[in-house]
Structures are given as C-alpha cells and as structure tokens.
**Student:** 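This is the structure I want to talk about, given as structure tokens.
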Amino acid sequence: MSTASPLALHRFPRFSLLEGATPIQPLARLNRQLGGVEVFVKRDDLNWLGGGGNKLRKLEFLVGEAIAQDADTIITVGARQSNHARLTAAAAARAGLKCELVLTRLVPRYDDDYLENGNIVLNGLFGAHVHDLPGDANALAFAEERATALRAEGRKVYVCPLGGSSPAGCLGYADCAAEIVAQSEQMGVPFDYIVGPNGSGGMHAGLVAGMIALGRTTPSVIGYGVYGPAEAARAATLDKANQTIRLIDPTLGVPSEAVVVDGSQLGDGYGIPTEAMLRAVRLLASTEGLLLDPVYSGKAFAGLLHGIKTGAYRAGQRLLFVMTGGLPGLYAYRSAFEGSR
Ligand SMILES: *Cc1c(COP(=O)(O)O)cnc(C)c1O
C-alpha cells in the first residue's frame, strides 16, 4: 500500500520487509461470549520475516534511513528477550548489514528458557553480535560508545533506539493507520477503538499520528501500558506522536487527549507475568487458535477483556485489536505457562 499512501510516505527512505496489507478478521467464536461487543484482529503477527512481529513496520523506515546514510552496521538496544532486537537482526541480515544488539537483564527472570531460548536463539541464527549487560546498565549509552569505537575503525554505524521508536520508525504505524482506514471502508465496518499494547510507545504514537494526519477522530486508539507507569508512557507517546506527525506535515499537531494509556495491566512491571495475561493468552489460543505473547499483546488483550467486563467497551461497539506477534516469547516464558495450568 506504500506507493498509494495518502500520507505521501514515499518521501522517506524505506527498505521493503512487509508482504502487503495484513488481514483484519473477526474473532468469530470468542465474540459469541462477549455480550455484544465485536472484536476484530489486525493480523500484524503475519508480517513474518524473521519470525514476525510489529517491529517490521518500523524497521522498513529505520533500515531505509540506515541505507540512505550509507551505514554498514546497525546497533540497537533492548531487554534480553527483545522482539525488536531479534527483528532488527533479521532485517539487517536481509539488507546485508552487520548487526550488534545491546541486551540488558532488565526483566527479573533467570531460568534457562528466558536467558537462552526464544529470541536469543534466533539472534544467533541471524548472525547478530549480542552484548549481554546487567539489568541496571544504560544500554543506549553502551550502544553509542560501541558505535564510536566502530567508527574509529572506519565502520559506518546506525544506532536505533529502544523499540525502534524514533519518529522515522513511527512512520511505519502511521502508514498502518492509513491501511486500517482503507480496510475498514472496504469492509463496511467502522471501528470505535483500535486497541493494543504500549511498550516503547512507537506503535501507539504512529497510529495516533496517522489517524490525525488523515483527519480522523475515530477510531480512537487505546494503548495498554506494559513497560512502565501509565502517565510517563502517555507523555512519551504524545511526544513521539507529535514528532511523527510533524515529519508528515509540519503544520499539524496531536492534541493531548488523543493519547490514552491504560496502566491497569502492567502488574509488577515490564516482562513480569500477570494472572490476567496468562488467562488471556490461553483463552485466545484455545478459542481461536491465535497466539498472543506474554510481554505485550497478552497483557493488552487482558485489558480488552477487562474493559468489556467493566463496561468500558459496550455492546454494539467494534474493537480492532492489533496482534503484534512476539511468538518466540512464549518459548522463553515456558515456566510461567507451566506453573499456571
Ligand atoms: C515491541 C512490541 C510491542 C510494543 O510496540 P511499541 O511500539 O514498542 O510500543 C507490542 N507487541 C510486541 C510483540 C512487541 O514486540
């Protein structure tokens, strides 16, 4: 859809990693249990390069920018089981760039599955060099130092922030907003809300910026915070949304009330399982055969179910839940799912 984008995103360098528009599907069986709320899923888990997930939309613009800057190496940061890091490694392999990942032990899980399985196995297959840092390390500072050292050797290095959520990265989800608007019109299904996880906030920011740049006030976007306190996530997301919309059109801005972050599903913190997450992952898997992940989409879907139960989402409303991928995380969290059976 990129060439026909109403946001004129062809102005920005882009490296192709996607397979075209991802489908929107109703949750046919689950919807019968939801008392009149209709839930649809946007299957961004079906962008499948490198094991798939939402970071590929951002990486099209990030790798595009790296290539435009003539980089030969990409460095990025994340937690030990970062999906963004894994997909950066895959995209770098695809583009013929070297990749280094600065991963911290931010999440208090120390079993072998968490430390060595899941995304870590895949990072190795993609040929990435992994730096293993303690939980309290400043990963971005380490990445910048590493970039300086490599540049001194003559390499050209592109450093990509947490979650790939620079304004250029967020353009990927502004484009997704345009894709959703077009699909909603084709299907004749107007959505009241787009619902998804808010981690580094780039997906949320891009969707909001895209909707406003398209002149839309509905659907509104609800992000469930999974990384830190909701108010900090909201402020950071609003800032990213403003930076993103100014790339699209410098005369536009994002009103504060357009960014809504619900903090009810964070639990004890980033990457720490909650009972509601475990139940949500099991429910969608056993009812629809669809896989959420334990860190992001599982908590967000738990929030959606909670919102239906409490009446925040009402009968007759249509919700579009963004399935963001993250399948390798399920292998890394094997012990969490075993324990709750
Ligand atoms: C990174 C990630 C998210 C969150 O996206 P942000 O743009 O960082 O907020 C959601 N789901 C999965 C599976 C992810 O890997």
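No experiment lies behind these values; they were computed from the predicted model shown.
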**Student:** Can you find a heavy atom in the side chain of Leu27 that is under 4.5 Å from one in the side chain of Phe321?
**Tutor:** no

**Student:** With side chains defined as the heavy atoms from C-beta onward, is the minimum distance between Asp44 and Cys176 less than 4.5 Å?
**Tutor:** yes

**Student:** Rounded to the nearest 0.5 Å, how far apart are OG of Ser220 and CG of Asp192?
**Tutor:** 8.0 Å

**Student:** Can you tell me how far the OG1 atom of Thr244 sits from the CG atom of Leu252, to the nearest 0.5 Å?
**Tutor:** 12.0 Å

**Student:** For Arg318, I'd like to know if atom CZ has over 12 heavy atoms of other residues, nucleotides or ligands within 6.0 Å.
**Tutor:** yes

**Student:** Would you please test Asn198 and Arg234 for side chain to side chain contact (heavy atoms under 4.5 Å, CB included) and show each step?
**Tutor:** CA-CA 9 Å; Asn198 179 309; Arg234 203 192 75 80; over 6 Å; no

**Student:** Given side chain to side chain contact (heavy atoms under 4.5 Å, CB included), test Cys160 with His84 step by step and report yes or no.
**Tutor:** CA-CA 10 Å; Cys160 184; His84 163 66; 3.9 Å; yes

**Student:** How long is the straight-line distance from CE of Met323 back to CD of Glu288, given to the nearest 0.5 Å?
**Tutor:** 9.5 Å

**Student:** Are Leu304 and Val39 close enough, and set up right, to give a side chain to side chain contact (heavy atoms under 4.5 Å, CB included), and what steps lead you there?
**Tutor:** CA-CA 9 Å; Leu304 178 149; Val39 182; 4.1 Å; yes

**Student:** So, taking the atom named CG in Asn47 and the one named CG in Leu59, what distance separates them when rounded to the nearest 0.5 Å?
**Tutor:** 11.0 Å

**Student:** Around Arg11, counting heavy atoms of other residues, nucleotides and ligands shown, do more than 12 lie under 6.0 Å from its CZ?
**Tutor:** yes

**Student:** Looking at Glu153 and Lys98, is there a salt bridge between them, counting it only when a charged N and a carboxylate O are closer than 4.0 Å?
**Tutor:** no

**Student:** Kindly say whether Ala71 contributes a backbone atom to a donor-acceptor pair with the side chain of Tyr158 at under 3.5 angstrom?
**Tutor:** no

**Student:** Within this structure, what is the CZ-OG1 distance for the pair Arg246 and Thr251, rounded to the nearest 0.5 Å?
**Tutor:** 11.0 Å

**Student:** Just checking, any donor-acceptor pair under 3.5 angstrom between side chains of Glu38 and Asn31?
**Tutor:** no

**Student:** Looking only at heavy atoms, which two atoms of Ala92 and Cys99 are closest? And how far apart?
**Tutor:** CB-CB, 3.8 Å

**Student:** Could you report the tightest heavy-atom contact between Ser297 and Thr324, atom names first, then the distance?
**Tutor:** CB-OG1, 3.6 Å

**Student:** Between Ala90 and Gly50, which heavy-atom pair has the shortest distance, and what is it?
**Tutor:** CB-CA, 3.7 Å

**Student:** Measuring only between side-chain heavy atoms, which start at C-beta, is Ser335 closer than 4.5 Å to Tyr114?
**Tutor:** no

**Student:** Backbone N or O of Lys156 within a donor-acceptor pair of the Asp72 side chain at under 3.5 Å?
**Tutor:** yes

**Student:** Examine the side chains of Tyr270 and Tyr296 and answer whether a donor and an acceptor come within less than 3.5 Å of each other.
**Tutor:** yes

**Student:** Less than 4.5 Å apart, side chain to side chain, heavy atoms only: is that true for Leu327 and Asp45?
**Tutor:** no

**Student:** Work out which heavy atom in Ala258 is nearest to a heavy atom in Ile212; give both atom names and the distance.
**Tutor:** CB-CD1, 3.9 Å

**Student:** Between the main-chain N or O of Thr22 and the side-chain N or O of Gln183, is there a donor-acceptor pair closer than 3.5 Å?
**Tutor:** yes

**Student:** Does this structure show an ion pair linking Arg80 with Glu116, if we count only N-O contacts that are shorter than 4.0 Å?
**Tutor:** yes

